[in-house]
Amino acid sequence: FKRSLTFKPDSAIAHSNLGWELKGACRADEAIEHFLEAIRLSPELVPPLLGMAEILASHPDSGMRDTGRAVELAERAAALTKYQQAAILEILGRMYALDGKFGRAVTTSQKASELAVSEENYRLANRLDGQIELYKQGKSGTE
């Protein structure tokens with residue numbers, strides 16, 4: 001992805017993809033740079049919004065964590081997909097839980113589970129059911 005940016009430095013998708021690769025390699029600070037650039041170039045692109053939300057919610061440096069901003073980004077991604085994609089609602093539910101908004105985490109995750117079943121994504125639906133139980137207990141799953 002770095003190589004593709006040498007040819008198309010203004011490619012939001014390339015920046016987003018590189019951000020996800022860097023995030024997966026535990027290089028959060030570098031990933032942030034690419035997610036922010038992707039968002040600047042294409043504010044309607046969902047993957048960098050979600051990547052940035054996940055990093056802000058779980059950054060290894062507690063001073064860099066911002067669960068409120070993570071919720072805002074995940075809400076924006078969910079709105080862009082009209083709240084109709086189970087995987088995105090799963091992330092939004094997790095962001096709510098990490099921000100201490102467990103009621104919203106439960107309702108959002110229940111909607112995600114219903115969508116997952118309608119998409120025949122039973123693995124996701126089962127995972128969500130477990131998350132919902134944690135959220136009902138006031139736990140985010142990171143304890």
Side-chain angles (χ1 to χ4, degrees), residues 1-135 139-143:
F1 295 114
K2 277 187 178 181
R3 189 163 183 235
S4 67
L5 286 173
T6 61
F7 299 107
K8 290 189 124 188
D10 60 346
S11 170
I13 292 171
H15 279 286
S16 177
N17 289 338
L18 181 54
W20 279 100
E21 287 295 318
L22 292 166
K23 179 184 175 301
C26 298
R27 293 165 58 184
D29 294 333
E30 292 173 77
I32 287 170
E33 292 176 32
H34 290 283
F35 286 140
L36 289 175
E37 183 63 7
I39 292 166
R40 185 188 71 76
L41 291 166
S42 185
E44 310 291 306
L45 191 61
V46 170
L49 295 171
L50 296 175
M52 191 68 194
E54 287 191 356
I55 288 176
L56 288 174
S58 62
H59 197 286
D61 176 357
S62 61
M64 293 289 292
R65 280 187 219 130
D66 186 346
T67 55
R69 181 73 177 126
V71 165
E72 291 172 11
L73 292 166
E75 285 177 334
R76 190 162 137 205
L80 287 167
T81 58
K82 300 182 182 1
Y83 299 89
Q84 295 300 308
Q85 291 189 18
I88 292 171
L89 292 182
E90 176 195 23
I91 293 169
L92 177 56
R94 189 169 0 106
M95 296 303 109
Y96 282 138
L98 290 168
D99 199 38
K101 297 175 180 166
F102 292 104
R104 285 184 174 177
V106 168
T107 56
T108 301
S109 298
Q110 287 170 333
K111 170 74 172 167
S113 181
E114 292 168 13
L115 286 169
V117 169
S118 71
E119 296 167 1
E120 297 184 6
N121 188 343
Y122 302 112
R123 180 178 288 170
L124 176 58
N126 287 333
R127 186 171 66 237
L128 281 158
D129 291 343
Q131 289 173 333
I132 290 165
E133 289 308 310
L134 286 174
Y135 301 159
K139 297 178 182 176
S140 65
T142 60
E143 295 81 18

Side-chain donor-acceptor contact under 3.5 Å, Y83 with E75: no
Between D29 and H59: side-chain donor-acceptor atoms closer than 3.5 Å: yes
To the nearest 0.5 Å, what is the distance between [atom1] on [X] and [atom2] on [Y]?
X	Y	atom1	atom2	answer
E30	L22	CD	CG	5.5 Å
L98	L56	CG	CG	11.5 Å
L89	Y96	CG	OH	9.5 Å
L134	D129	CG	CG	11.5 Å
R40	D10	CZ	CG	8.5 Å
K111	S109	NZ	OG	13.0 Å

Stepwise side chain to side chain contact (heavy atoms under 4.5 Å, CB included) check, Q131 with L128: CA-CA 5 Å; Q131 289 173 333; L128 281 158; 3.4 Å; yes
Check whether [X] reaches the backbone of [Y] with its side chain - one donor and one acceptor, N or O, closer than 3.5 Å.
X	Y	result
H15	P9	yes
S11	A14	yes
D99	K101	no

Side chains of [X] and [Y]: does their closest heavy-atom pair fall under 4.5 Å?
X	Y	result
E54	M95	yes
Q110	V106	yes
R76	I39	yes

Taking all non-hydrogen atoms of both residues, which atom of [X] and which atom of [Y] are closest, and how far apart?
X	Y	result
G19	A31	O-CB, 3.3 Å
A125	S113	O-OG, 3.8 Å
L50	A77	CD2-CB, 3.6 Å
S16	P47	OG-CB, 3.6 Å
P43	L49	O-CD1, 4.1 Å
R69	D66	N-OD1, 3.0 Å

Verdict with supporting geometry, E37 and H34, side chain to side chain contact (heavy atoms under 4.5 Å, CB included): CA-CA 5 Å; E37 183 63 7; H34 290 283; 5.6 Å; no
R127 bridged to E90 by N-O distance under 4.0 Å: yes
Residues that Q85 engages under side-chain contact (heavy atoms from CB on, under 4.5 Å), provided they are two or more places apart: T81, I88
Parallel, tilted or perpendicular, as decided by the 30° and 60° cut-offs, for the rings of W20 and F35: perpendicular
